[in-house]
Amino acid sequence: MHNTSFHFPFSPLSFCIGVVAVLLIVYIGLIATVMSYAALTVEFSQSVKNDKAVVASLEGQYLATVARTTTADYVALGYSLPTSKTFVPAKSVTALR
Amino acid sequence: MRAQFRSRIRFVLTFLILATICIIVRLYFVQIVNGEEYSLKADRQFSANSGGLFDRGSIYFTRKDGTLISAATLATGFLVAINPQTLRDPEAAYAAISAVASSTISRNTFFSSVAKKGQVYIEVAHRLSEEEGKMLSEKGISGVQVLRERWRQYPGGSLASQSIGIVSYGSGDTLAGRTGLELMYDGTLSRSGDSLYRNFFAELFSNVGNLLVNARDMREGDIVTTIEPEIQTRLASNIEKLNERYSSKESGGIIMDPSTGAIIAIASYPTYDGNNLQSVDPALLGNSFVEHVYEFGSIMKPITMTSGFDAGAITPETTYKDTGCITVNTARICNWDAKARGVIPMRQIIMQSLNVGASWIATQLGQDKFREYFVKLFGQKTGVDLPNETGALLGNLSKPQQVGYDTAAFGQGIAVTPVQMIRALGAIANKGYMIQPHLVSAIRLNSGIERKLDWGKSVRIFSATSTLETVAMMGALNDEILYGGKAKIPTMSVAVKTGTAQLTKPGGGYYDDRFFHSFVGFFPSYSPRFIILLYTNDPKGVQYASETLDATFLDLVHFLIEYYAVPPDRGFVTSSSTSPQTTTPQ
């Protein structure tokens with residue numbers, strides 16, 4: 001008469017402890033990954049915002065330059081108005097025209 | 001023995017499963033059900049600014065080459081906060097902070113904050129630059145925290161500020177758009193506070209869908225306007241000079257593409273700088289282009305004339321007898337100089353800006369027809385994407401007295417907003433079609449998609465033929481009358497009309513010596529790319545709009561022609577002739 005029941009090669013209690021340990025490590029790993037991802041997201045986002053602010057500062061300089069050019073009194077700066085304007089036909093920009 | 005072991009295993013497994021369920025349920029309650037409460041508690045414990053970093057979408061100007069330039073964006077820097085309970089040396093702390101933030105911190109405020117020993121977090125200085133913030137942070141002063149902050153910045157300062165709008169707290173505790181495009185597109189520009197510090201467990205439990213398709217990214221984005229920054233700067237500069245020269249109460253101008261309704265520039269004076277709102281008169285925060293109505297005067301005559309042509313009441317060859325003054329319902333209506341012209345054709349009504357002639361056309365049209373045209377043009381709000389748009393005052397057109405129609409024919413007795421006025425006049429420029437003025441062309445969503453806004457709704461008001469007749473008259477006015485004919489540009493047809501209206505008295509009636517000046521023009525006349533509306537309210541020492549606004553208008557015309565390289569539409573044979581044409585500049 002044979003014993004047909006299955007035998008674990010190791011103690012079921014050890015198996016459960018092993019599974020729990022693996023799950024715990026996976027859990028900690030997931031938390032570490034998620035936290036790293038969150039930190040990187042925040043860091044990258046802040047970096048983008050900082051870059052945008054730098055660009056905005058340059059845009060502010062551009063707009064200030066446009067305003068300065070627009071309001072400049074060229075006569076006071078020593079320039080004189082042109083005596084005449086000459087209109088000439090524009091050259092074709094492609095050979096097909 | 002085996003059965004006992006199995007039951008022991010089952011017991012352990014059941015315990016583990018129950019523990020797991022308990023943890024999940026606890027997490028659910030902590031992060032979903034009571035998440036907000038715990039978040040606030042945590043904020044208080046860690047003395048951080050509980051609102052988080054301010055975030056908001058940008059508003060862009062669009063250069064002629066399509067380059068986007070920020071009109072409203074975010075600046076980043078640092079704020080300084082103190083913890084009165086842990087601050088050991090207030091004098092040293094104040095000296096260190098005031099060294100980098102002297103303009104934003106006062107000694108009294110600082111030491112009154114230090115005295116509040118019951119609090120653990122008080123902000124004492126804001127908007128420090130990167131360098132200043134890092135310099136202070138490196139000192140590591142006990143009880144002083146240097147925290148990052150962001151705030152709304154307008155790189156153009158006062159450029160189109162009344163249309164761009166402002167962000168403020170208002171009556172609540174949330175920073176939001178309060179005026180202009182900031183208010184109109186607040187839903188697109190505002191950002192959810194948790195966008196950076198996402199609660200991952202909460203996302204997993206409650207927003208599984210967001211992991212695949214984020215609804216916020218489909219709603220939140222940046223705004224792209226049709227405003228061209230260099231044209232805007234030019235217009236704003238000219239309007240300011242105009243207002244100061246004539247000491248006007250206010251002045252304004254709009255430049256629009258009459259075929260699409262895209263507003264290229266919109267400027268008024270006085271105005272304000274959105275970066276510095278401390279000393280701004282709250283009345284300036286509104287937008288006179290949509291919130292105020294004006295009696296525009298004679299720039300209404302082209303509309304009366306075109307209505308007459310379109311209805312078949314008159315033709316260009318029609319003549320009438322101008323007596324200089326007429327009496328209608330006991331009211332006396334006169335030409336600007338009260339002089340009679342005799343029998344003259346319709347063209348002279350526009351060329352000489354004759355009130356009696358405009359009234360005569362209104363009479364020929366009849367009250368019903370006249371009302372029909374004016375209600376089509378001014379009866380509804382324009383739908384421009386600016387908040388608080390008001391409607392026109394057309395009450396005189398609901399009454400049976402003819403005088404109301406006769407005065408409306410030359411722009412008195414009815415009041416409309418500047419945006420309504422340019423839209424109505426744009427119908428003449430646009431071959432009879434009235435379009436919808438707008439400031440925003442597209443929304444750049446966070447998802448990466450750029451959504452073009454459809455403003456293509458146009459309504460036919462006049463036939464193309466009737467508008468062409470009026471355009472010819474307005475063109476002749478520019479070429480023959482304005483500046484005694486010197487305003488004529490040999491290579492570019494320009495159609496214009498000036499308007500001078502008497503200002504209303506608070507108790508009724510009109511002032512004899514106070515006026516509202518307006519000016520409209522578009523070019524090239526028969527296929528216009530630009531329509532310009534200018535006005536100045538109560539200018540001093542001058543009576544007629546042709547004296548105040550023509551120089552500003554012509555400067556803008558020449559600037560636009562050169563800036564956009566608008567090709568000539570007359571006086572130039574480009575196919576065979578290569579000989580240059582020379583003109584004397586204005």
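Within every chain, numbering begins at 1; the chains are lettered A, B, ... in the order of the sequence lines, protein sequences first and strands thereafter.
For OH of A:Tyr74, the number of neighbouring non-hydrogen atoms (other residues, nucleotides, ligands) closer than 6.0 Å is greater than 12.
Side chains of A:Asn50 and B:Thr76: a donor on one and an acceptor on the other come within 3.5 Å. Checked by atom type, the side-chain pair B:Arg150/A:Gln46 shows a donor-acceptor distance below 3.5 Å. Side chain to side chain, B:Thr271 and B:Ser161 meet the donor-acceptor criterion of an N or O pair below 3.5 Å. Inspection of the B:Ser158 and B:Asp273 side chains reveals no N or O donor paired with an N or O acceptor under 3.5 Å.
Among B:Arg234, B:His558, B:Glu228, the single residue meeting the side-chain hydrogen bond (donor to acceptor under 3.5 Å, both in side chains) criterion with B:Tyr563 is B:Glu228.
Heavy atoms closer than 4.5 Å to chain A are found in both the backbone and the side chain of B:Glu230. Of the two parts of B:Glu240, neither the backbone nor the side chain holds a non-hydrogen atom closer than 4.5 Å to a non-hydrogen atom of chain A. Contacts of B:Thr73 with chain A are made by side-chain atoms alone, with heavy-atom separations under 4.5 Å and no backbone atom involved. With a 4.5 angstrom heavy-atom cutoff, B:Leu159 touches chain A only via side-chain atoms. Contact annotation for B:Leu235: neither backbone nor side-chain heavy atoms come within less than 4.5 Å of a heavy atom of chain A. Residue A:Val54 does not touch chain B at all, counting heavy-atom pairs closer than 4.5 Å.
Contact tally against chain A (heavy-atom pairs below 4.5 Å) for B:Lys241, B:Glu130, B:Arg63, B:Gln153: the top residue is B:Arg63.
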